[in-house]
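Okay, so here's the structure we're looking at.
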Amino acid sequence: MEVCMARRWFSLFVVVVVMLGLVTTSQAAGQTACQPDKVQRIALESAFGSELTLWLKEVRVECAVVVNGRTFTKGTLYGKPVVAYLSGVSMVNAAMTTQVALDLFNIERIFFSGIAGGVNPNLNIGDVVIPSQWAQYQEMHFAREDTPGNYSGVDATLPNFNFMFPQPISVTSSRVPVDTSESIYWFQTDPQMLAVAKAATADVTLADCVERGQKKTCLQSKPIVKVGGNGVAGQTFVDNAAFREWAWKTWQADSLDMESSAVAHVAYVNQVPFLIFRSLSDLAGGGPGANEIGTFFQLAADNAAKVFLATLKRWVEYSDSSKTTTVGIILVGPQEDKGWSEAHFRAVLYAESKIPGVKNVTLDKLNSADRPNTTLDQVVQDMVTEGAKLIITTSDAFQADTTVVAKKYPDITFINVSGDAVLKGDVPKNLGNFMGRMEYMKMVGGCAAALATKTNKIGYLGPLVNDETRRLASAAYLGVRYCFQKYRGGDPNSLRFEVKWIGFWFNIPGVTLNPTEVANGFFDNGTDVVMSGIDTPEAIVVTKQRVDRGEKIFAVPYDYQGACDLGAGACLGVPYFNWGPAYVKAIAEFRAGVWHSNWDWNGPKWSNINDPDESNVGFAYGPALTADQKVTLVGFVNDMGNGKVNLFTGPLNYQSGKVFLTNGEVATDQQIWYMPELLQGMIGASEASK
């Protein structure tokens, strides 16, 4: 809404700036003078004139306009309307110019390019990096040194460089409530643009020699393109080996420069996708002699421009909406179940809205009750006939069959959501997995339950029993224990946390326990908070019915972000999957031709766990929370996000008494993923009844 409103005021804004004399005209280099317009354009931005000159040789120039002393050249490149301009050197200039461009032109995407200092010891001068995220690494707290080497009064989340302690950026935008901000370390590159860059740069040959007069200087190694990784930017030109080493160890940065993160910051606030290219002109103090920038500046600029133009050309092809990519989606439950399956269905619609040329073919309710005579193979055959080349199966119940059909259809790409076949290593190359790190949000839900309970009895409505459901129930229990003790001063051993399994992800009459009856049974026995782990909303429905009769009880539903709408006065909040970012990434990589088999366990965006475009899991704070309880929950989330709290830390035992984690031991991903038992202190079966 805010972005649309801003666009409506575009014409009025242009009139105002012209009247104020901020916009002037330019006829430099034979260009025709013009004014800003509302044509949707790609921004081509660089910090240095030599790069811009190279780009403009490829641009069909129409005209130019000068704003605040900066020339914006309009034209077309590879058939796409563009506006090309210099950011200027330094963070402030880059931020100012980028915002001016976004205010005056209808910019759909930003491509930024420039030279940089190399930080990654595995990279060399002439290499081009295209990071997947950017940080403003010189946002610092200069700490008081009480005694030599000892500093006070500072939040030391990241390692310091002497008295300098990195801090997150405080970012105000329409993504958060008015006049508030979120604390961000990393600004994320657009996943579609990154996927296209991988495809476009696979065969690019970069220059490795420079000539000055009769002298030819060549690099010791052939330059490469690295797509992904981290980049950082700050206010200072760095030519210091110790600082470079700190930047590598602390940020794992491939490069550092003086503009990129400012551009990323402005693009993020304006919700405009961006991609940034940096070619290494020097090693930021890491070279054996004098700084190399004077020798290799032009080579680095030329290499960056070559990669930049190759990517932009490929982007034009990728974004052609006339080229259709058909994606098959297979749901285990109804596509409007207010739970797991609906979250997936909404995700594919989200991906369609983000990626040009994508359409879906979806089949829901593929389970033994709703479609007893339908096999996954049959559904896949139908989807392939309809043109699907990428098929996503959305339940671990489909894992074994997905592996079978992937082998049968080697020319079709398959992704099984929540499975781990790739992790186990016995899969064909056309099969991948992804899952969201719901464990964190289950901990938040458990914390909410701990804050609200008066009887100290919490029930957990479980589906079937497997590694996934055991680890999610255990994560909820850890959240309950921690918050009950930390924030309420209670004895965690006085809690009763009981798990009851119904036998499947949703109710199948005659096959599973009835989740409505199980939820009512919890409340009848004195439980005052029920947490759900099943795909459907029975827990919140039952709780609302009883709250309407005057009971003081609560629910923490699951899966679907809007679940609280079914019982606002009873709802403490919803741990939910936001599948949209994962769908966009997977489909974009497939469309660009760079998808490969992988197991991805995608986490939250900690600075804003409810960001629809970046956070893979979230927690919708419920209306039944008090103001104080919500503040406490937000603090708990922040503590997990900055690493102060990690509840998968020992000592922890399984129900049987077997050690899960020794004292101080932090669980690995695989230790968490494969959870053979519930944790000690939980009531309920760790295995399905025979």
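Just the heavy atoms: all of them, side chains too, but no hydrogens, waters or symmetry mates, feed the values below. Residues: numbered from 1 along the sequence shown.
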Testing the basics here: between Asp559 and Val574, what is the closest heavy-atom pair and its distance to 0.1 Å? N-CG1, 4.3 Å

With Arg346 as the cation and Trp579 as the aromatic partner, state whether NZ or CZ is under 6.0 Å from the six-membered ring centre and within 45° of the axis. no

Measure from the side-chain N and O atoms of Gln485 to the backbone N and O of Tyr482, and report whether any donor-acceptor pair falls under 3.5 Å. no

For the pair Asp528 (side chain) and Ile553 (backbone), establish whether a donor and an acceptor sit closer than 3.5 Å, ignoring hydrogens and angles. no

Got a sec: does the CZ of Arg488 have more than 12 other heavy atoms crowding it under 6.0 Å? yes

Does Lys500 make a cation-pi contact with Phe522 (under 6.0 Å, within 45 degrees of the axis)? yes

Backbone of Ala247 reached by a side-chain donor or acceptor of Thr250 within 3.5 Å: no

Do the side chains of Leu633 and Leu625 get nearer than 4.5 Å, heavy atoms only? yes

Do the side-chain N and O atoms of Gln252 and Asn120 include a donor-acceptor pair separated by under 3.5 angstrom? no

Heavy-atom pair with the smallest gap, counting every atom of Val332 and Thr394: N-OG1, 3.9 Å

Could you tell me whether a side-chain N or O of Trp246 sits under 3.5 Å from a main-chain N or O of Pro159, the two making a donor and an acceptor? yes

Lys486 to Phe636 six-membered ring, cation-pi geometry met (6.0 Å, 45°): no

Scan Tyr268, Trp251, Trp134, Tyr137 and name whichever one has a ring-ring contact (aromatic ring centres under 6.0 Å, His included) with Trp186. Trp251

Which pair of non-hydrogen atoms, one from Lys429 and one from Trp595, has the smallest distance, and what is that distance? O-CZ3, 3.6 Å

Sequence neighbours excluded, which residues qualify as salt bridge (Lys or Arg N to Asp or Glu O under 4.0 Å) partners of Glu182? Lys605

Between Ser261 and Ala135, is there a donor-acceptor pair closer than 3.5 Å when you use the side chain of the first and the backbone of the second? yes

Looking at every non-hydrogen atom in both residues, tell me the closest pair between Ile276 and Pro131 and how far apart they are. O-CD, 3.7 Å

